S.K.: 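Take this structure first; my questions come after.
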Amino acid sequence: MSIDGIASAAEALREAEASRTPRGRITEEWTGLDLEAAYAVQRANIEARIAAGERVIGVKLGLTSRAKQQRLGIDSPLTAVLSDAYVLPADQPVALDRLIQPRAEPEIVFVMRDALRGPGVTAATALAAVDRVYGGFEVIDSRFEGYDFALPDVVADNASSALFTIAGVGVAPEGLDLALEAVVLSVDGEVVDTATGAAVQGHPAEALALAANALAARGEEIPAGSIVLTGGLTDAVPLRAGGVVSAEFTHLGSVHLTAE
Ligand code: OOG
Ligand code: MG
């Protein structure tokens, strides 16, 4: 795909986000938009955010659990970039009028002590580079109408990124068995889903290793200090005004999201 095509697809996504107007698949309008071009579109819009004063603070994985893959009909994990503009401070409500169609998903989140650079990163070496582990929520907000997209569309859309929040002060990874770390997801006090860390690639550290290796293939690393969202453990739930969505983890604390 041409540089012009990448720039115009990137602009179309920025426009959808800024105007809160969901659009159709860009793969139908820019028919040459393969996965490589999609990562170039994602990168172009991160560069636009950096030019506007935002700062890259980490990476996220998407579509790492079967729950997410089945919902979206896409079975391949992806990576996206976290900007400081996505941080939702604890206890701050989600402002629905700034978003299109927000949904919340519980995630296990790493903060890296050491940099991680693939290829060949294993779950064990990945976990050894982690400083602390958190429970959190990601609020996704696809720029595609009804979350209808193919893999290159959602990659280009920075994996529907909008906001995320993490709970408490975090836990050192050494004492945890993250495959067995459980989460109970509730909406307005009613349990709607449960999962364990094993939902994410068998172990969240496998997802972290996958990110390091996938980024290496594009010449990038995960810098020390990065925040890494390992992917929704369950299907995401829609946010409604006045509602509260809660994720209670076994050892990683509880997170409550409200919306207004
Ligand atoms: C894509 C975003 C994927 C995850 O955790 O799997 C993602 C979407 O669901 O729209 O953030
Ligand atoms: Mg997510």
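Note that this is a predicted model, so its numbers are computed, not measured. Each ligand, and each atom within it, is numbered from 1 in the order the structure gives.
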S.K.: Please evaluate residues Thr234 and Thr194 with respect to the criterion side chain to side chain contact (heavy atoms under 4.5 Å, CB included), reporting the C-alpha separation (whole Å), side-chain torsions for both, the decisive distance (0.1 Å), and the verdict.
M.R.: CA-CA 7 Å; Thr234 67; Thr194 62; over 6 Å; no
S.K.: Enumerate the protein residues lying less than 4.0 Å from ligand 1, judged by heavy-atom distances, in chain and residue-number order.
M.R.: Lys60, Leu61, Gly62, Leu63, Lys68, Leu72, Glu105, Glu107, Glu138, Ile140, Tyr147, Phe149, Val154, Ala159, Ser160, Gly231, Gly232
S.K.: Does NZ or CZ of Arg103 lie under 6.0 Å from the centre of the six-membered ring of Tyr147, at an angle within 45° of the ring axis?
M.R.: yes
S.K.: To 10°, measure the OE1(Glu138)-the Mg ion (ligand 2)-OE2(Glu105) angle for me.
M.R.: 110°
S.K.: Would you check if Leu208 and Leu127 make a side-chain contact, meaning some heavy-atom pair closer than 4.5 Å?
M.R.: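 A side-chain contact under 4.5 Å is absent here.
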S.K.: Would you kindly check if the NZ (Lys) or CZ (Arg) of Arg23 is within the cone defined by 45 degrees around the ring axis of Phe144 and under 6.0 Å from the six-membered ring centre?
M.R.: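 Ring-cation test returns no.
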S.K.: Quick one: do Asp148 and Arg25 make a salt bridge, cutoff under 4.0 Å?
M.R.: yes
S.K.: Check this for me, if you would: do Lys60 and Glu107 make a salt bridge, where the nitrogen-to-carboxylate-oxygen distance has to be below 4.0 angstrom?
M.R.: no
S.K.: So if I apply the side-chain contact (heavy atoms from CB on, under 4.5 Å) rule between Leu13 and each of Asn158, Asp153, Ile26, which one comes out positive?
M.R.: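 Of Asn158, Asp153, Ile26, side-chain contact (heavy atoms from CB on, under 4.5 Å) with Leu13 is met by Ile26 alone.
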S.K.: Which single N/O/S atom of Glu107 lies at minimum distance from the Mg ion (ligand 2)?
M.R.: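 Answer by atom name: OE2.
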